[in-house]
Chemist: 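This is the structure, below, for whatever I ask next.
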Amino acid sequence: MIKTKNISFSYTEFEKIDELDAGDRELLISAMKAVENAYAPYSQFKVGAAVRLESGTIIAGTNIENAAFPSGICAERSALAGAVSNHPGDIPVAMAIAANNTEGLTDDPVSPCGNCRQVIIEEEYRNGKPLRIILGGKRKIRIIEKATDLLPLCFTMKFPGFTPR
Ligand code: THU
């Protein structure tokens, strides 16, 4: 029997950064500041990400490009790498992302690439805690309540039956 299924999710949209609660605003500002540290000489597209850990600590990351293009890393994975490497056991509960093109902060909020989504959801999945995503642009800000919403029908450790130890 053929069935048509539907997947949908809701997210919140804001017009201005002052509409966010204080914690989310602080996180998004951290991502916006991190943009300044990006190493993006090839694309001129500077991305900043800031991860909020359960303890309240914020860890920022930027994209780091490379002359050998595939060796570059996105801001989201850069931030998560810093968080996981330096704060084991302190669970990431939110991530804010912002990006500048040559004219400054992008009008529309930038969404994480597929590769980053896969890495972000691994964190959410292994910790069993929602990892909120805050996407900041000049004209709008989006909040997605759990990272997995951005990767429906995703591949996780459950398929091969891996048990992380
Ligand atoms: N980039 C990120 O850092 N995060 C994203 O979500 C999308 C793309 C980087 C990769 C590359 O350095 C530049 O933006 C242009 O694609």
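Read the numbers this way: they start at 1 and go in the same order the structure lists the ligands and their atoms. These numbers come from a predicted model, not from an experiment.
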Chemist: Looking at atom 5 (C) of ligand 1, what's its closest protein heavy atom, distance included?
Modeler: Glu76 OE2, 3.4 Å
Chemist: State, to 0.1 Å, how close Met157 and Pro160 come at their nearest heavy-atom pair, and which atoms those are.
Modeler: O-CD, 3.4 Å
Chemist: Please state whether the rings of Phe155 and Phe159 are parallel, tilted or perpendicular, taking 30° and 60° as the class boundaries.
Modeler: parallel
Chemist: What protein heavy atom sits nearest atom 8 (C) of ligand 1, and how far off is it?
Modeler: Cys74 SG, 4.1 Å
Chemist: Distance to 0.1 Å, residue and atom name: give those for the protein heavy atom nearest to atom 16 (O) of ligand 1.
Modeler: Phe45 CD2, 4.8 Å
Chemist: Just jot down the ligand 1 atoms closer than 4.0 angstrom to any heavy atom of Pro112, in number order.
Modeler: 6 (O)
Chemist: Work out whether the distance between some heavy atom of Ala49 and some atom of ligand 1 is less than 4.0 Å.
Modeler: no
Chemist: Should the pair Arg139-Asp108 be classified as a salt bridge under the 4.0 Å nitrogen-to-oxygen rule?
Modeler: yes
Chemist: Going through the checks in order, is the side chain to side chain donor-acceptor pair (under 3.5 Å) test met by Asn37 and Thr62?
Modeler: CA-CA 7 Å; Asn37 300 335; Thr62 71; over 6 Å; no
Chemist: Checking the side chain of Glu19 only, and the main-chain atoms of Glu15 only, is there a donor and an acceptor separated by less than 3.5 Å?
Modeler: yes
Chemist: Answer yes or no for atom 12 (O) of ligand 1: protein heavy atom present at a distance under 4.0 Å?
Modeler: yes
Chemist: Enumerate the atoms of ligand 1 whose separation from the nearest heavy atom of Val47 is less than 4.0 angstrom.
Modeler: 1 (N), 2 (C), 3 (O), 4 (N), 9 (C), 14 (O)
Chemist: Please indicate whether any nitrogen or oxygen in Ala75 is less than 3.5 Å from any nitrogen or oxygen in ligand 1.
Modeler: yes
Chemist: Which atom pair, heavy atoms only, marks the closest approach of Leu135 to Pro112?
Modeler: CD2-CD, 3.9 Å
Chemist: Determine whether more than 12 heavy atoms belonging to other residues, nucleotides or ligands lie under 6.0 Å from atom NZ of Lys140.
Modeler: yes
Chemist: Check Leu105 against Gly137 and note the closest heavy-atom contact, atom names and distance.
Modeler: CD2-C, 3.9 Å
Chemist: Using side chain to side chain donor-acceptor pair (under 3.5 Å), reason through Glu65 and Ser43 one step at a time and then give a plain yes or no.
Modeler: CA-CA 8 Å; Glu65 296 184 347; Ser43 71; 2.5 Å; yes
Chemist: Ser43 to ligand 1: N or O pair under 3.5 Å?
Modeler: no
Chemist: Below 4.0 Å from ligand 1: does a non-hydrogen atom of Cys113 turn up there or not?
Modeler: yes
Chemist: Looking only at heavy atoms of Ala40, does any of them come nearer than 4.0 Å to an atom of ligand 1?
Modeler: no
Chemist: Looking only at protein heavy atoms, which one is nearest to atom 9 (C) of ligand 1, and what is the separation?
Modeler: Asn63 ND2, 3.6 Å
Chemist: Near Glu65, which atoms of ligand 1 are under 4.0 Å from a heavy atom of that residue?
Modeler: 11 (C), 12 (O), 13 (C)
Chemist: Under 4.0 Å from a heavy atom of Ser111: which atoms of ligand 1 are those, numbered in the order shown and with their elements?
Modeler: 6 (O)
